[in-house]
Amino acid sequence: MRLDLDGIYAAIEDDGAFDGLAGQVAAACGTRSALVVSLTKEGMPAFVQTNYWDQNFMKDYQQYFMNSDPWTGLGVKLGRFGRAAALDTIIIPEQFRRTPLYNDLIRMHGDDTARCLGVMPVLGREGLIVAVHRAAGDTAFTAPEEQRLDEVYGHIHRVVLLRKSLASVQNKAMRLQDMVDSSNDAIVRIDRNLRVVAISAAAERLLQARDGLMLREQRLVPPVGIRAELLAAVTAIIDRTGLTRTALFCPRPSGCRSYRLVLMPAGFEGSSGVLLRIDDPDHAPPPGWQHMVQNAYRLSGMEADLAERLYVGFTLDEIAAQRGVSKETVRTQLKSLLHKADVNRQSSLIKLLAKF
């Protein structure tokens, strides 16, 4: 089973995708149910999410059983904070079925869940509980499944942190101007009619060149060839309908390489509009970008360099020529890079890199 990284990382910006995180965990781990709980420093739940149990079940769980959950208590006792543990090898189903959680909640709701594999956060800090479950009659969780949950947990944890960071920025920044000018990024905030609500200094300079993109009466004017696609993407993001491209190429009459346009929600409400980031492939990513990507996916120096060159738009032939190696050598490095990033296409890799 491959991880749906696009689906998982869409939750950074998309409320619908965020509500489906527990389902993503269950699908990635091959279980019927999963639980994702965000805890405050005081150990109180900031949010609780499941893909399997209904609202009545979760209401009863949170009100009467959350603080006495034997699986949670065992996870704390084990002390394997931040790492997955197969709890059904310690509290076997025969023992678990004698607990109040099973008899007064699970069984009362007509369920037979009695096996758990979970990750507990470090006590006294903000963190996540992520757990997956099986029925009593199913097979016990194994060491490879512990490793799988560790992998999934890392992505879910990163998504929750990035989402919190994004929400913090959006709450504090009353205007896009304050948020982006200092970063030198070319970002425009637009509404569904491409009217410019706010624009960064870098974007203003770029649009003044009128090389493929321009401003006219405070509206963004794209080339005719991509106008319909850009409008469709903006509408889909604002209306939360999905099923559209959020990364486009914008040709430039000057003959320079096309701008790369990346669209994302400007906030959690449709009325916030859309943020349009304009990447010029003839300019390198910001300082520290390559180091960040290298650490995130444990890349070698050559793989991280390859990621950056692909991101700014060089082809494999061009990269091979720049390095003075064969194209086959670059292909081999690309295969390793795709494997470490857990994607199977170069286009998916570029989309993933854009999130940095």
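Hydrogens, waters and symmetry mates play no part in the numbers below; they use all other heavy atoms, side chains included. Computed from a prediction, not measured in an experiment: that's the story for all the values here. Position 1 is the first residue of the sequence; numbering continues from there.
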Point-to-point distance, once rounded to the nearest 0.5 Å, from CG of Leu213 to SG of Cys250: 3.5 Å
Check: Leu101 main-chain N/O paired with Asp104 side-chain donor or acceptor under 3.5 Å: no
Salt-bridge present (Asp280, Arg260; N to O < 4.0 Å): no
Heavy-atom donor-acceptor pair, Arg163 side chain to Glu13 backbone, under 3.5 Å: no
Interatomic distance, Gln49 atom CD to Leu35 atom CG [nearest 0.5 angstrom]: 9.0 Å
Backbone N/O of Pro251 and side chain of Asp211: donor-acceptor pair under 3.5 Å: no
Salt bridge (Lys or Arg N to Asp or Glu O under 4.0 Å) assessment of Lys340 paired with Asp342: CA-CA 5 Å; Lys340 290 182 179 180; Asp342 202 17; over 6 Å; no
Member of Leu128, Ile129, Thr50, Val48 meeting the side chain to side chain contact (heavy atoms under 4.5 Å, CB included) criterion with Val36: Leu128
Reported CD1-to-CD distance for the pair Ile92 and Gln95, which is rounded to 0.5 angstrom: 4.5 Å
CG/Asn67: more than 12 non-hydrogen atoms of other groups inside 6.0 Å: no
Pair Arg309-Gln322, side chain to side chain donor-acceptor pair (under 3.5 Å): steps then yes or no: CA-CA 10 Å; Arg309 291 174 192 260; Gln322 291 163 2; 2.6 Å; yes
Main-chain N/O of Ile226 paired with Glu229 side-chain donor or acceptor, under 3.5 Å: no
Glu145 (side chain) donor-acceptor with Cys29 (main chain) under 3.5 angstrom: no
Derivation and outcome, side chain to side chain contact (heavy atoms under 4.5 Å, CB included), residues Ile156 and Val25: CA-CA 8 Å; Ile156 300 298; Val25 173; 3.8 Å; yes
Single-linkage hydrophobic cluster, 4.5 Å side-chain cutoff, Leu316 and Leu353 together: yes
Validation row: Tyr297, Leu352 side chains within 4.5 angstrom (heavy atoms): yes
Close side-chain approach of Val130 to Val152, heavy-atom, < 4.5 Å: no
Test item: Asp191 side-chain N/O and Asn193 main-chain N/O as donor-acceptor pair under 3.5 Å: yes
Any donor-acceptor N/O pair, Arg252 side chain to Arg257 backbone, under 3.5 Å: yes
Side-chain touch Arg97/Ile106, heavy atoms, less than 4.5 angstrom: no
Side chain to side chain contact (heavy atoms under 4.5 Å, CB included) between Ile190 and Arg195, intermediate numbers included: CA-CA 5 Å; Ile190 52 180; Arg195 185 178 64 88; over 6 Å; no
Validation row, ring centre Phe57 to ring centre Phe65 under 6.0 Å: no
Residue pair Arg192, Asp239: steps toward the salt bridge (Lys or Arg N to Asp or Glu O under 4.0 Å) verdict: CA-CA 10 Å; Arg192 67 173 64 245; Asp239 294 341; 2.8 Å; yes
ILVMFWY network linking Val119 to Trp71, side-chain heavy atoms under 4.5 angstrom: no
Side-chain heavy-atom pair Leu207, Ile199 within 4.5 angstrom cut-off: yes
Separation of Leu248 CG from Leu230 CG (nearest 0.5 Å): 6.0 Å
Flag, side chain of Gln333 to backbone of Val330, donor-acceptor distance under 3.5 Å: no
Reported CD-to-NE2 distance for the pair Glu308 and His291, which is rounded to 0.5 angstrom: 13.5 Å
Parallel, tilted or perpendicular: rings of Phe47 and Phe18 (30°, 60°): perpendicular
Modelled atom types, side-chain donor and acceptor of Ser326 and Glu328, under 3.5 Å: no
Connected via hydrophobic side-chain network under 4.5 Å: Leu299 and Tyr311: yes
Close side-chain approach of Pro121 and Leu39, heavy atoms under 4.5 Å: yes
Cation-pi geometry met for Arg158 and Tyr9 (6.0 Å, 45°): no
Full working for side chain to side chain contact (heavy atoms under 4.5 Å, CB included) between Leu337 and His339: CA-CA 5 Å; Leu337 174 56; His339 175 74; over 6 Å; no
Contact summary for Pro253 and Gly212, nearest pair of heavy atoms: CD-N, 3.4 Å
Any Val188 side-chain heavy atom under 4.5 Å of Ser200 side chain: no
Side-chain touch Asn103/Met108, heavy atoms, less than 4.5 angstrom: no
Salt-bridge criterion met for Arg240 and Asp19 (N-O under 4.0 Å): no
Asp111 and Thr113 side chains, donor-acceptor separation under 3.5 Å: yes
Salt bridge (charged side-chain N to carboxylate O under 4.0 Å, His left out) pairs, two or more places apart, involving residues 64-90: Arg80-Glu146, Asp88-Arg115
Pair Glu126 + Lys164, salt bridge at N-O below 4.0 Å: yes
Whether Thr235 side chain and Leu231 backbone form a donor-acceptor pair below 3.5 Å: yes
ILVMFWY cluster, Ile12 and Ile350 together (side-chain gap under 4.5 Å): yes
Heavy-atom pair with the smallest gap, counting every atom of Gly75 and Phe81: O-CE2, 4.3 Å
Closest non-hydrogen atom pair, Arg216 against Met214: NH2-SD, 3.9 Å
Residue Arg32 excluded, over 12 heavy atoms near CZ under 6.0 Å: yes
Glu151 vs Gln147, side chain to side chain contact (heavy atoms under 4.5 Å, CB included): CA-CA, chis, key distance, verdict: CA-CA 6 Å; Glu151 180 184 7; Gln147 295 171 2; over 6 Å; no
Side-chain heavy atoms of Leu105 within contact of His109, under 4.5 Å: yes
Hphob cluster co-occupancy, Met120 + Leu149, side-chain heavy atoms under 4.5 angstrom: no
Shortest non-hydrogen contact between Gly30 and Arg134, atoms and distance: O-NH2, 4.5 Å
Heavy atoms from other residues, nucleotides or ligands near CD of Glu217 exceed 12 (cutoff 6.0 Å): no
Under 3.5 Å donor-acceptor, Gln63 side chain and Asp60 backbone: no
Residues which pass side chain to side chain donor-acceptor pair (under 3.5 Å) with Gln294, listed by chain and number, not counting sequence neighbours: none
Minimum heavy-atom distance Asp150-Ala84, with the two atoms named: OD1-N, 2.7 Å
CD-CG distance between Gln346 and Leu334, expressed to the nearest 0.5 angstrom: 5.5 Å
